[in-house]
Amino acid sequence: MNEIISYFSTIPSSHRSLILIGGITFFWVIENTFPLFQMQYRKWHHAGINIFFTITTIIVNFILAFILIKTASWTTENNFGILQWLPQIPIWLYTIIGLLLLDLIGAYLVHFIEHKIKFLWRFHIIHHTDTWIDTTTANRHHPGESVIRFVFTTLGVLIVGSPMWMVFLYQSLSVIFSQFNHANISLPNKLDLFLSYFIVSPNMHKVHHHYVLPYTDSNYGNIFSVWDRLFGTYTYLPKDQLIYGVDTHMLAEENNQLKNLLQIPFQKTRSAKNTKNQ
């Protein structure tokens, strides 16, 4: 455990980039070998759009990183936050509690709120417009949403009182798990169900990408599945019934053109009944 803490305390930016690129590459190979769905789409064109949003997410987080670092330093220096107020406990338990709480605030809570507040949904909807969910979809976030998620991550660090090594560990795990549960991979149903009691499995998260309510408003988790089960937002749908996308933007010119995707948050809000193919 001490080796993990030491590594993530001084993890180079190049290593964090390798985790991102390595994860996409690994799950890209796996999903091409054992696909959940045989999707007929221009995979490289689709990947290009999603990688653009991945790059903008990296840029946003890089520009604002000093805020996160200052926040983590302040919490530890001033003994502020839940972790700082805990009695002496084993480091492995300290780490698990910290990761669970960071995942609650930095992933589950912000995701839930983005679905409930119309202004935030305008930015988050870009993630849901993808009608071909694969591992590149993991970071398909509008730059505006990247800022929103950064704010909640920073809030999580402040409330939890996370040291910076834990923040880097959490972010690395978050990237890998997001790539895993978005990947177009086919796991045995029993294995996927078993995993879903502990972590967000591929089939569990794919339900969240079903194109209509109430499924879109369910399964908000990223790393740990406990929050969806605890707060009653867990839903199941057989994978053969899945239709990806969001019912307000099902046309290719709306969900598969970069220029339009960037403009969606600033376009007139529409309801499902306004969609041409509904």
Next item on the list: Validate the cation-pi geometry between K43 and W28: distance from NZ or CZ to the six-membered ring centre under 6.0 Å, angle to the ring axis within 45°.
Entry: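 The answer is yes; both the distance and angle limits are met.
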Check: Just checking, R229 and Y197: is the charged tip under 6.0 Å from the six-membered ring centre and within 45° of the axis?
Finding: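 Yes.
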When you group the ILVMFWY residues by side-chain heavy-atom contacts below 4.5 Å and let the links chain together, are [Y] and [X] in the same group?
{"X": "Y7", "Y": "I69", "value": "yes"}
{"X": "F194", "Y": "L36", "value": "no"}
{"X": "L258", "Y": "W132", "value": "no"}
{"X": "Y170", "Y": "I11", "value": "yes"}
{"X": "M39", "Y": "F34", "value": "no"}

About how many Å separate [atom2] of [Y] and [atom1] of [X], when rounded to the nearest 0.5 Å?
{"X": "E254", "Y": "Q267", "atom1": "CD", "atom2": "CD", "result": "8.0 Å"}
{"X": "L187", "Y": "L193", "atom1": "CG", "atom2": "CG", "result": "11.5 Å"}
{"X": "L195", "Y": "N203", "atom1": "CG", "atom2": "CG", "result": "10.0 Å"}
{"X": "D103", "Y": "I223", "atom1": "CG", "atom2": "CD1", "result": "4.5 Å"}
{"X": "T153", "Y": "Q171", "atom1": "OG1", "atom2": "CD", "result": "6.5 Å"}
{"X": "I126", "Y": "H249", "atom1": "CD1", "atom2": "NE2", "result": "7.5 Å"}

Is it the case that the side chains of [Y] and [X] hold a donor-acceptor pair, with the cut-off being a distance below 3.5 Å and no angle test?
{"X": "D217", "Y": "H115", "result": "yes"}
{"X": "R149", "Y": "T57", "result": "no"}
{"X": "N50", "Y": "T136", "result": "yes"}

So, for [X] and [Y], which heavy atoms are closest and what is the spacing to 0.1 Å?
{"X": "M166", "Y": "G98", "result": "SD-CA, 3.5 Å"}
{"X": "R122", "Y": "I125", "result": "O-CG2, 3.2 Å"}
{"X": "G144", "Y": "F123", "result": "CA-CD2, 3.8 Å"}
{"X": "Q38", "Y": "P35", "result": "NE2-CG, 3.2 Å"}
{"X": "S225", "Y": "S196", "result": "OG-O, 2.6 Å"}
{"X": "S162", "Y": "L83", "result": "CA-CD1, 4.2 Å"}

Next item on the list: Report the C-alpha separation of H182 and H209 in whole Å, then their side-chain angles, then the decisive distance to 0.1 Å, and conclude whether the side chain to side chain donor-acceptor pair (under 3.5 Å) test is met.
Entry: CA-CA 9 Å; H182 282 90; H209 282 275; 3.3 Å; yes
Notebook entry, point to check: Can we call the ring centroids of F112 and F231 under 6.0 Å apart?
Noted result: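 Ring-ring flag for F112/F231: false, centres at least 6.0 Å apart.
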Next item on the list: Mind running ring-ring contact (aromatic ring centres under 6.0 Å, His included) on W85 and F80 for me, showing each step along the way?
Entry: CA-CA 7 Å; W85 301 330; F80 184 88; 5.4 Å; yes
Notebook entry, point to check: Given the rule in the side-chain contact (heavy atoms from CB on, under 4.5 Å) test, do F53 and L262 qualify, once you have shown the distances and angles that lead to the verdict?
Noted result: CA-CA 10 Å; F53 285 115; L262 288 167; 3.8 Å; yes
Checklist line | R16: partners by salt bridge (Lys or Arg N to Asp or Glu O under 4.0 Å), with sequence neighbours left out | finding: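 Per chain and number, R16 pairs via salt bridge (Lys or Arg N to Asp or Glu O under 4.0 Å) with no residue.
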Check: Step by step, would you call L100 with V226 a side-chain contact (heavy atoms from CB on, under 4.5 Å)?
Finding: CA-CA 9 Å; L100 277 165; V226 61; 4.0 Å; yes
Next item on the list: Please say which of H205, H111, H127 ends up in a ring pair (Phe, Tyr, Trp, His ring centres under 6.0 Å) with Y220.
Entry: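 For Y220, the ring pair (Phe, Tyr, Trp, His ring centres under 6.0 Å) check succeeds only for H111.
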Tell me whether [X] contacts the main-chain N or O of [Y] through its side chain, where contact means a donor paired with an acceptor under 3.5 Å.
{"X": "T135", "Y": "I24", "value": "no"}
{"X": "N222", "Y": "A107", "value": "no"}
{"X": "Q84", "Y": "G161", "value": "yes"}
{"X": "T25", "Y": "I21", "value": "yes"}
{"X": "Q179", "Y": "L20", "value": "yes"}
{"X": "S6", "Y": "N2", "value": "no"}
{"X": "N78", "Y": "W74", "value": "yes"}
{"X": "K206", "Y": "N181", "value": "yes"}
{"X": "T137", "Y": "I133", "value": "no"}

Check: So H128 and H208, side chain to side chain donor-acceptor pair (under 3.5 Å) or not? Walk me through it.
Finding: CA-CA 9 Å; H128 280 270; H208 181 74; 3.0 Å; yes
Next item on the list: Please lay out, stage by stage, how M204 and D228 fare under the test side-chain contact (heavy atoms from CB on, under 4.5 Å).
Entry: CA-CA 10 Å; M204 175 182 170; D228 280 300; 3.6 Å; yes
Item checked: Enclosure of F26 CZ (heavy-atom neighbours >12, cutoff 6.0 Å) ->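 Count not over threshold, so no.
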Item checked: Over 12 non-hydrogen atoms of neighbours within 6.0 angstrom of NZ in K190 ->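 No, because the 6.0 Å sphere around NZ of K190 holds 12 heavy atoms or fewer from other groups.
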Check: Taking only residues two or more places apart in sequence or in another chain, which ones pass ring-ring contact (aromatic ring centres under 6.0 Å, His included) with Y215?
Finding: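 Y215: ring-ring contact (aromatic ring centres under 6.0 Å, His included) contacts with H210.
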Note to self: Check this for me, if you would: do D192 and K239 make a salt bridge, where the nitrogen-to-carboxylate-oxygen distance has to be below 4.0 angstrom?
What the structure shows: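 Not counted as a salt bridge, because no side-chain N and carboxylate O are separated by less than 4.0 Å.
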Note to self: Any carboxylate oxygen within less than 4.0 angstrom of a Lys/Arg side-chain nitrogen, looking at K70 and E77?
What the structure shows: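 Judged by the 4.0 Å cut-off on N to carboxylate O distance, K70 and E77 do not form a salt bridge.
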Next item on the list: For T95, check side-chain hydrogen bond (donor to acceptor under 3.5 Å, both in side chains) against everything at least two apart and list the hits.
Entry: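 T95 satisfies side-chain hydrogen bond (donor to acceptor under 3.5 Å, both in side chains) with no other residue.
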Check: Only one of Y244, Y41, F27 forms a side chain to side chain contact (heavy atoms under 4.5 Å, CB included) with D134, so which one is it?
Finding: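 Filter result, single survivor: Y41.
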Check: What do the steps show when you test T129 against R140 for side-chain contact (heavy atoms from CB on, under 4.5 Å), and what is the final call?
Finding: CA-CA 10 Å; T129 58; R140 181 185 170 114; 3.0 Å; yes
Margin query: Side chains of L169 and L99, heavy atoms from C-beta outward: is any pair under 4.5 Å?
Written below: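 In contact.
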